[in-house]
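Pasting in a structure now, in C-alpha cells, and then I'll have a few things to ask.
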Amino acid sequence: IEAWGAEAKKKLDGRIVVASISGGKDSTALALLLNAAGIPYRAVHMDTGWEHEDTERYVREYLPGALGVEIEIIQSKHGGMEDLVRKKGMFPSRVRRFCTQELKVYPMKRYLKAMDDEPVNVVGIRAAESAARSKMPEWEMSKGFDCEVWRPIISWKEQDVIDVHLQCDIAPNPLYLRGASRVGCWPCIFAR
C-alpha cells in the first residue's frame, strides 16, 4: 500500500481528490484504500432521493465515523427521483434513461466545476461489473467532468472488495447482509 500510495500521490501532484461515496461496497472499498494509502480526499454522496433508508443511514451515520471523514451530500437541482419523474412526466425507460445523468452526473459536474482548484474525480468502479466498465482505463481526462477521472479499484475482483472491508473491520451496507446484490438507487427500475 505504501509504494502504491506514494506513486498515486506523485500522479495526483497535490490536486484535490473528490471520492464518490454511494454506500455500496465498491465506493466504501475505494475510501478504505485511500485511507490506507494516506491520500486525503473529499467524500461526496449524490442523494438521488431514491435510496433505501438503510443506505442513507449507512452513508450519513455509519461511514463518516468508520472512515474518519465528513461526507458531503449533494443533490440534483431538480430534487430527487420523484421530483424528476414529475418534471419529466414519465419514469426513465430503456430508451430514455435520464435518471443517472440528472441525479448523479450533473450534480457531480456542478460540484467539481464550483471548485477553485483542479480536482481529480475518484470513483469505485470495477472492470468485472460490466462489459462497458471493463474497457475503462484507470486514469483518463474526462471532457464531461472537465477534470481527470481516477478508478483505483478498476482491476479489483469482488473478493478484493470484501477482503478490504474485513481487514479494516468495516461493516458493509446492511442490505448486502440481507441478500441484496446491489445497493444503488432502491429500487433501480433497471435492476433484475
Side-chain angles (χ1 to χ4, degrees), residues 18-36 41 43-76 78-85 90-108 121-136 149 151-192:
V18 178
S20 297
I21 306 297
S22 69
K25 63 186 178 299
D26 295 331
S27 68
T28 302
L30 163 72
L32 293 170
L33 176 64
L34 295 174
N35 283 351
Y41 60 96
V44 177
H45 173 69
M46 277 71 67
D47 180 1
T48 65
W50 203 246
E51 308 294 334
H52 191 282
E53 62 188 25
D54 288 351
T55 296
E56 285 302 310
R57 265 195 303 276
Y58 184 74
V59 168
R60 294 169 190 261
E61 297 171 19
Y62 177 76
L63 284 180
L67 298 173
V69 66
E70 177 185 340
I71 299 178
E72 296 177 65
I73 309 295
I74 61 175
Q75 194 173 47
S76 167
H78 303 295
M81 178 69 142
E82 289 182 48
D83 300 312
L84 183 61
V85 167
M90 63 184 288
F91 275 92
S93 68
R94 293 202 184 280
V95 177
R96 298 199 56 198
R97 199 170 179 168
F98 53 81
C99 47
T100 301
Q101 289 289 323
E102 292 284 349
L103 300 174
K104 292 185 176 185
V105 174
Y106 295 156
M108 182 56 97
N121 183 16
V122 185
V123 292
I125 288 177
R126 294 181 301 108
E129 291 179 283
S130 71
R133 290 181 177 188
S134 71
K135 295 177 178 81
M136 293 178 170
V149 174
R151 303 173 186 97
I153 67 167
I154 191 76
S155 63
W156 284 27
K157 305 294 180 224
E158 186 174 26
Q159 189 60 52
D160 299 324
V161 170
I162 293 166
D163 289 345
V164 77
H165 280 75
L166 293 171
Q167 290 165 3
C168 295
D169 197 27
I170 299 294
N173 183 312
L175 295 175
Y176 291 121
L177 302 177
R178 295 200 307 267
S181 60
R182 64 178 309 280
V183 298
C185 294
W186 190 272
C188 175
I189 61 174
F190 298 107
R192 287 185 245 152

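Treat the numbers as computed from the prediction; the structure is a model and nothing was measured.
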Open item on the list: What I want to check is whether the side chains of His45 and Glu56 have a donor and an acceptor closer together than 3.5 Å.
Closed with: yes
Task: From OG (Ser20) to CG (Asp26), nearest 0.5 Å - done: 12.5 Å
- [ ] Would you mind reporting whether Leu177 and Pro172 have side-chain heavy atoms less than 4.5 Å apart?
- [x] yes
Task: Nearest-0.5 Å distance, NZ of residue Lys25 to OG1 of residue Thr28 - done: 10.0 Å
- [ ] List for me each residue that meets side chain to side chain donor-acceptor pair (under 3.5 Å) alongside Glu129, sequence neighbours excluded, and say none if there are none.
- [x] Arg133
- [ ] Decide whether Asn173 and Tyr62 meet the rule of one side-chain donor and one side-chain acceptor closer than 3.5 Å.
- [x] no
Open item on the list: Please enumerate all residues that pass salt bridge (Lys or Arg N to Asp or Glu O under 4.0 Å) together with Asp160, with sequence neighbours excluded.
Closed with: none
Open item on the list: Any carboxylate oxygen within less than 4.0 angstrom of a Lys/Arg side-chain nitrogen, looking at Arg60 and Asp47?
Closed with: yes
Open item on the list: Within the 4.5 Å heavy-atom criterion, are Arg178 and Asp54 side-chain neighbours or not?
Closed with: yes
- [ ] Give, for atom CD of Glu158 and atom CG of Asp163, the distance between the pair rounded to the nearest 0.5 Å.
- [x] 10.5 Å
Task: Note, Ser76 side chain near Tyr106 side chain (heavy atom, < 4.5 Å) - done: no
Open item on the list: Quick check: do Arg126 and Ser155 have side-chain heavy atoms less than 4.5 Å from each other?
Closed with: no
Task: Thr48 vs Cys99 side-chain heavy atoms within contact, under 4.5 Å - done: no
TODO: Hey, could you give me the OH/CD1 distance between Tyr41 and Ile21, rounded to the nearest 0.5 Å?
DONE: 6.0 Å
TODO: Find out whether Val164 and Leu166 are in side-chain contact, i.e. whether some heavy atom of one side chain is under 4.5 Å from a heavy atom of the other.
DONE: no
TODO: To the nearest 0.5 angstrom, please state how far the CH2 atom of Trp50 sits from the CG atom of Leu103.
DONE: 10.5 Å
Compile the donor-acceptor pairs under 3.5 Å between side chains in residues 67-75 and protein atoms, sequence neighbours left out, one pair per line.
from  : atom 1 : to     : atom 2 : distance (Å)
Glu72 : OE1    : Tyr111 : OH     : 3.1
Glu72 : OE2    : Tyr111 : OH     : 2.7

Open item on the list: Taking the side chain as everything from C-beta on, heavy atoms only, tell me whether Met90 gets closer than 4.5 Å to Phe98.
Closed with: yes
